[in-house]
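Order of listing sets the numbers, starting from 1, for every ligand and every atom in it. Values below: every heavy atom of this structure, side chains too, minus hydrogens, waters and symmetry copies.
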Amino acid sequence: MLEVTPISSFGDNYIWMLSNPGQANVVVVDPGDAAQVLNRLEERDLTLAAILLTHHHYDHTGGVAELLERVPELPVYGPKLEKIPGVNRPVGEGDRVTVDGVDLCFQVFDVPGHTAGHIAYYGEGLLFPGDTLFSAGCGRIFEGTYQQMADALKRLLALPKETLLYSAHEYTLDNIGFAKWVEPENEAIHVREKECRKRRAAGEATLPSTLEDELAVNPFLRLNVPEVVAAAEQFAGRSLTDEVSVFTALRQWKDEKYD
Ligand SMILES: [Zn+2]
């Protein structure tokens with residue numbers, strides 16, 4: 001069994017730390033900030049056994065050089081389609097990740113869109129999608145195409161519905177604001193908002209959610225729902241006859257009018 005704990009950094013990033021109960025070896029996902037990770041390791045007398053990276057953005061990779069300095073020979077997994085200094089285990093679609101001293105086995109998926117070589121890690125019932133899928137939202141498309149991002153999200157959605165989602169940012173409440181623009185009448189969104197406000201007020205992360213939770217509230221995963229299609233059509237000013245067109249309109253609407 002894997003324990004997953006958040007290390008907050010840069011205000012709204014999460015560096016996820018993975019460990020087996022009672023064991024000192026840990027893995028961190030997307031360590032943008034080395035100091036936060038080193039503090040946690042010292043506090044709890046833990047040993048860094050590997051780093052997993054989802055994409056090249058600095059808020060996910062900025063801590064790699066310093067962590068490597070502290071732990072030479074540290075395995076650093078990252079997308080083979082991106083040039084990231086420090087990555088010594090480049091991985092891509094179909095690869096598996098195992099780590100000495102930590103009981104885990106993850107599959108790697110290529111999920112381009114936010115960046116061209118973005119990958120996600122899935123295993124042990126957990127999904128680390130980086131900046132591809134957020135609770136109640138999805139990443140901005142910086143390097144890929146709308147089609148790629150829509151396909152990537154569909155791919156992740158095909159995983160078991162009980163899969164726990166550990167996105168790399170605390171964006172949930174902000175995303176829920178946009179979800180309410182799209183589907184003001186969706187009761188599940190209002191319920192989710194209340195839960196998340198409680199969690200944030202208590203200083204807790206709104207993650208993980210499950211893919212099942214996301215299917216109920218995340219407009220970018222609800223491209224066939226009539227209310228979502230109608231809202232996207234209203235923004236686009238024309239009828240939208242396929243999922244990628246609906247996805248594109250939603251993403252552009254959020255980028256242009258909401259964020
Ligand atoms: Zn990013």
Side-chain angles (χ1 to χ4, degrees), residues 4 6-18 27-37 51-67 76-87 89-93 97 106 108-122 126-157 165-175 178 205-209 214 218-221 247-248 250-252 254-256 258-259:
V4 186
I7 300 173
S8 290
S9 67
F10 305 130
D12 60 20
N13 278 68
Y14 287 126
I15 301 166
W16 295 109
M17 191 175 79
L18 322 182
V27 171
V28 291
V29 183
D30 286 348
D33 183 348
Q36 299 290 344
V37 174
I51 290 173
L52 308 185
L53 303 175
T54 60
H55 66 295
H56 67 84
H57 286 159
Y58 187 75
D59 59 323
H60 299 251
T61 59
V64 170
E66 191 179 340
L67 293 171
V76 181
Y77 293 87
K80 66 179 170 196
L81 297 177
E82 298 187 353
K83 283 247 167 298
I84 305 176
V87 169
R89 305 279 196 286
V91 289
E93 182 68 36
V97 171
F106 288 160
V108 178
F109 302 144
D110 284 340
V111 287
H114 179 69
T115 62
H118 200 303
I119 58 174
Y121 298 91
Y122 168 71
L126 318 176
L127 174 64
F128 297 90
D131 285 354
T132 298
L133 175 59
F134 296 122
S135 183
C138 73
R140 278 174 181 264
I141 294 155
F142 287 124
E143 297 173 9
T145 64
Y146 290 96
Q147 173 87 53
Q148 282 179 322
M149 190 66 159
D151 289 347
L153 293 174
K154 212 167 180 176
R155 169 84 188 277
L156 298 180
L157 203 59
L165 176 70
Y166 290 94
S167 307
H169 288 273
E170 180 59 66
Y171 286 165
T172 312
L173 280 173
D174 191 49
N175 286 336
F178 179 71
T206 60
L207 300 163
S209 63
E214 293 308 312
N218 191 326
F220 298 97
L221 305 179
F247 174 78
T248 303
L250 289 177
R251 190 61 259 182
Q252 289 175 343
K254 186 164 190 282
D255 289 345
E256 291 169 23
Y258 183 78
D259 283 333

Is Tyr122 close to Phe106 at the side-chain level, that is, under 4.5 Å between some pair of heavy atoms?
no
Separation between CG (Leu133) and CG (Leu153), nearest 0.5 Å, reads 6.0 Å
Inter-residue atom distance Glu214.CD - Ser209.OG, 0.5 Å rounding
3.5 Å
List the steps, then state whether ring pair (Phe, Tyr, Trp, His ring centres under 6.0 Å) holds for His57 with His114.
CA-CA 10 Å; His57 286 159; His114 179 69; 4.7 Å; yes
Within less than 2.8 Å of the Zn ion (ligand 1), the count of protein N, O or S atoms comes to 4
Residues Asp259 and Arg140 bridged, charged N to O under 4.0 Å:
yes
Any carboxylate oxygen within less than 4.0 angstrom of a Lys/Arg side-chain nitrogen, looking at Glu93 and Arg155?
yes
